[in-house]
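First the structure, in the form of structure tokens, and then the observations on it.
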Amino acid sequence: MSIHLAKSAGFCFGVSRAVELVEKAAKSGKKVVTLGPIIHNRHAVNHFAEMGVQVIEAPEEAGPEDTVIIRSHGVSKSIYNRLIETGAEVIDATCPFVKRIHTIVQNAEAEGRLPVIIGTPTHPEVQGIAGWCDRCEIFETPEALENWAKNLHERQNLPICLVSQTTSTESLWKICSKIAKKLFANLKIYDTICKATESRQNEAAKLSAFCQAMVVVGDTKSSNTARLAMICREHCERVSLVDNATDLNPDFFHGATVIGITAGASTPAWIIKEVNKTMSEIMNVETVQEESFAELLEQSIKTLNTGDKVVGIVTGIGATEVQIDLGTKHAGYIPYDEVSADPNVKPEDILKVGDEIEVFVVRVNDQEGTCQLSKKKLDGIKFWDDMAVACEEKTTVEGTVTEENKGGLVVTVKGIRVFVPASQSGIAKGGDMAALVGKTTQLKITEVNRARRRVIGSIRAVNAESRKANQEKIWSEIEVGAKYHGTVKSLTSYGAFVDIGGVDGMVHVSELSWNRIKNPAEVVKVGDEIDVYVISFDAEKRKISLGYKTAEMNPWNQFMMNYNVGDVVDAKIVKLMTFGAFAEIIPGVDGLIHISQIADKRIGKPEDVLAEGQEVQVKITDVDAENKRISLSIRALLVAEEPAEEVVEEATEEAE
């Protein structure tokens, strides 16, 4: 016969922290009360009652001289504020992992998102979370979530924030997350299941599959204890949930030779030991000797080991280090050079007293009671995890291009160097990759090799994805006359191809200018950004005909807007004929100077006076708008000058 005790049975970090805070406060000599039972275990609550710690049910029951401890499940924002208003000293023993969810839902609502909580609506933790936002939805089962979502109007556009009760099962959370991903396009998911809970549940599943009978120890009103029992029943036919050793029934063990024990997160170590001892006596199996409650309570409090990831609270920022309360007897500290990988970041820029922070345990000194921590190392670990997830899920990340080399680019993403091969840079072969250095860019992670500390990414993949999305958008909305701002991609003898945002259209040479041109290069060049409009399109063949020249660009319209009969203008002789000369007033608009209007005397032919390319001053004498004809005259200007000369001559004669 054998008894197997789960290693993770008993107090979790959050409960250990809450218990230690109550014990410490009870020894202070002040009147200490807890708002509701500090944890879901009547034996622990009774123990604290013997120490003088009372339980109150409402904030108003606290006096200004009291010390009020908020239980590990946490409370709503309104209850927290009501506690502050009493004037009492408030010690917040809310589990840091639960506190994180309070922040998530509060921030999500500020962003315009609807918080959706997966958990038991009546559970104090869930009620506390819901109290940090004005509106939320709570679902205990995947079916309830799916039914609600399917009945929503305009579901796809609804911004959702999905979180979970810390003690929910991993399998339930995965199902709910999958449903949410399928039904909501605008979704943010935060995995808020406590890893200690997940570890305890996984261990219970494995142990119950191995054992012939399972004993689950804990308060029958505890949600996480009941969930442990449910998990065990999925793998073992014989499961007993007991509050303490007195609940054990010898008949339950009849015929079983391999028995397992696990316990909820709120179960004190002394109760687990007592159950283990009683079971051993029933089955005649040797067990460990009984220890005092104080010793067992000490064992229940989380120990620290190098390499652990722990959550603490910033209590001070000194000249060389940041002090952290880890909820243990160790004084935690982070040296300044372990706060951030960025040497330009000052600790006070990113941390403040009261902040909850997850850190990496670098070194534990039990003799001195100190624990050296690092935020930088944990950030590095998390960043590598993020890179791996981004690679697996093909999500887009953002970084800054910090370097160009022969092979491609280096993009820094959350402190990690990501290499982008030249072929994946999104720059055409022979293009200027250096132009991207210093710029923020989006990319896909295509390979992560932690052993070689190598990450490879692709900017081109994001561009291709964006281009595809833009293409679908354009083809779904395109219509004749639609205007686009595009970029000239290439030129041919018959026109220019313009990218209008993921789709190329062609501007025929005849649609580039109102003037006659021989080559598109006379009007545009590759890389030019121009405004175009749709003349026609064929969605089936994916062809678009674009126009560039507009009525506003029509030279005749420009002439009619800016010139009038009687105006004197500068013109250039562009062609000589037997009956006169054509002169260009503005590019694309010519006027005729009849041979009779070239000089103030009779001439044989226009070339006797004028030459092609010659600049002359002319007067607009007539405009035929219907036929787009303009009459010009040089003679009119010459004749106008003659009377003035005659007057001068007459005046001279009179003076003589």
### Message
Would you say Thr167 and Glu125 are linked by a side-chain donor-acceptor pair, where the criterion is simply a distance under 3.5 Å?
### Response
no

### Message
Between Arg135 and Glu109, does any side-chain N to carboxylate O distance fall below 4.0 Å?
### Response
no

### Nearest-0.5 Å distance that lies between atom OG1 in Thr306 and atom CD in Gln372
9.5 Å

### Task
Please report the closest heavy-atom contact between Val53 and Ala26, naming both atoms and the distance.
CG2-CB, 3.9 Å

### Message
Set out, in order, the CA-CA distance, both residues' side-chain angles and the distance that settles side chain to side chain contact (heavy atoms under 4.5 Å, CB included) for Glu23 and Met51, then state yes or no.
### Response
CA-CA 9 Å; Glu23 287 234 320; Met51 297 176 68; 3.9 Å; yes

### Query
Donor-acceptor pair, Ser72 side chain versus Cys95 backbone, under 3.5 Å?
no

#### Entry: Least distance between heavy atoms, Val45 atom then Ile39 atom
CG2-O, 3.9 Å

### Query
Within a reach of under 6.0 Å around CD of Glu111, are more than 12 heavy atoms found that belong to other residues, nucleotides or ligands?
yes

### Task
Could you tell me which non-hydrogen atom of Glu356 sits nearest to which non-hydrogen atom of Pro96, and how far apart they are?
OE1-O, 3.2 Å

### Task
For the residue pair Phe48 and Ile38, establish whether any side-chain heavy-atom pair is separated by less than 4.5 Å.
yes

### Query
Between the side chains of Thr396 and Lys444, is a donor N or O closer than 3.5 angstrom to an acceptor N or O?
yes

### Query
salt bridge (Lys or Arg N to Asp or Glu O under 4.0 Å) between Arg100 and Glu358: does it pass, once the steps are laid out?
CA-CA 11 Å; Arg100 173 175 172 258; Glu358 191 174 11; over 6 Å; no

### Query
Can you find a pair of side-chain heavy atoms, one from Arg17 and one from Ile313, that are under 4.5 Å apart?
yes

#### Entry: Partners passing ring pair (Phe, Tyr, Trp, His ring centres under 6.0 Å) against His4 (at least two apart in sequence or in another chain)
Phe210

### Message
By the definition side chain to side chain contact (heavy atoms under 4.5 Å, CB included), identify the one residue from Ser164, Ser168, Pro142 that meets it with Cys176.
### Response
Pro142

### Derivation of the side chain to side chain contact (heavy atoms under 4.5 Å, CB included) call for Thr94 and His102
CA-CA 10 Å; Thr94 303; His102 293 175; 4.2 Å; yes

### Val410 backbone acceptor or donor facing Thr402 side chain under 3.5 Å
yes

### Query
Is the number of heavy atoms from other residues, nucleotides or ligands under 6.0 Å of Arg460 CZ greater than 12?
no

### Closest non-hydrogen atom pair, Ile334 against Ser374
CG2-CA, 4.3 Å

#### Entry: Validation row: Arg227, Leu172 side chains within 4.5 angstrom (heavy atoms)
yes

### Query
What distance separates Ile69 CD1 from Glu89 CD, expressed to the nearest 0.5 Å?
8.5 Å

### Message
Could you check whether any side-chain heavy atom of Val314 comes within less than 4.5 Å of a side-chain heavy atom of Lys352, counting everything from C-beta outward?
### Response
no

### Query
Going by atom types alone, do Gln323 and Thr315 pair a side-chain donor with an acceptor below 3.5 Å?
no

### Query
For Thr225 and Asp219, what are the C-alpha separation, side-chain angles and deciding distance, and is it a side chain to side chain contact (heavy atoms under 4.5 Å, CB included)?
CA-CA 7 Å; Thr225 302; Asp219 196 305; 5.6 Å; no

### Message
Within the 4.5 Å heavy-atom criterion, are Asn305 and Val361 side-chain neighbours or not?
### Response
no

### Query
When rounded to the nearest 0.5 angstrom, what is the spacing between OG in Ser222 and CG in Leu241?
9.0 Å

### Summary
In terms of heavy-atom contacts, Leu228 and Ala204 come closest through CD2-CB, 3.8 Å

### Query
Taking the side chain from Glu338 and the backbone from Pro335, do they hold a donor-acceptor pair closer than 3.5 Å?
no

### Note, Asn41 side chain near Ile271 side chain (heavy atom, < 4.5 Å)
yes

### Query
Is the closest side-chain donor-acceptor distance between Asn186 and Arg113 under 3.5 Å?
yes

### Message
Using the rule given for side chain to side chain contact (heavy atoms under 4.5 Å, CB included), can you reason through Arg71 versus Thr34, listing the C-alpha separation, both sets of side-chain angles and the distance that settles it, and then say yes or no?
### Response
CA-CA 7 Å; Arg71 57 183 171 179; Thr34 64; 5.9 Å; no

### Query
Asp379 and side-chain hydrogen bond (donor to acceptor under 3.5 Å, both in side chains): which partner among Lys377, Lys376, Lys375?
Lys375

### Over all atoms of both residues, closest heavy-atom pair of Thr267 and Gly218
OG1-CA, 3.3 Å

### Message
Could you measure the distance from the CG atom of Leu183 to the NZ atom of Lys178? Nearest 0.5 Å is fine.
### Response
12.0 Å

### Query
Under 3.5 Å, is there a donor-acceptor pair between the side chain of Thr120 and the main chain of His123?
no

### Message
Please check: side-chain N/O of Asp247 versus main-chain N/O of Asp243, any donor-acceptor pairing under 3.5 Å?
### Response
yes

### Query
How far does CH2 of Trp132 sit from NZ of Lys99, to the nearest 0.5 angstrom?
4.5 Å

#### Entry: Beyond-backbone contact of Cys371 with Leu326, side-chain heavy atoms, under 4.5 angstrom
yes

### Pairs meeting criterion side-chain hydrogen bond (donor to acceptor under 3.5 Å, both in side chains) with involvement of residues 75-87, two or more places apart
Glu60-Arg82, Ser76-Ser78

### Query
When the ring planes of Phe139 and Trp148 are compared, do they come out parallel, tilted or perpendicular, using 30° and 60° as the limits?
tilted

### Message
A side-chain contact here means heavy atoms from C-beta on lying under 4.5 Å apart; do Ile189 and Lys181 qualify?
### Response
yes

### Message
Checking the side chain of Asn46 only, and the main-chain atoms of Arg42 only, is there a donor and an acceptor separated by less than 3.5 Å?
### Response
yes

### Query
Quick one: does Arg417's side chain have a donor or acceptor within less than 3.5 Å of a partner on Thr412's backbone?
no

### Query
Roughly how far apart are Ile160 CD1 and Leu114 CG, rounded to 0.5 Å?
4.5 Å

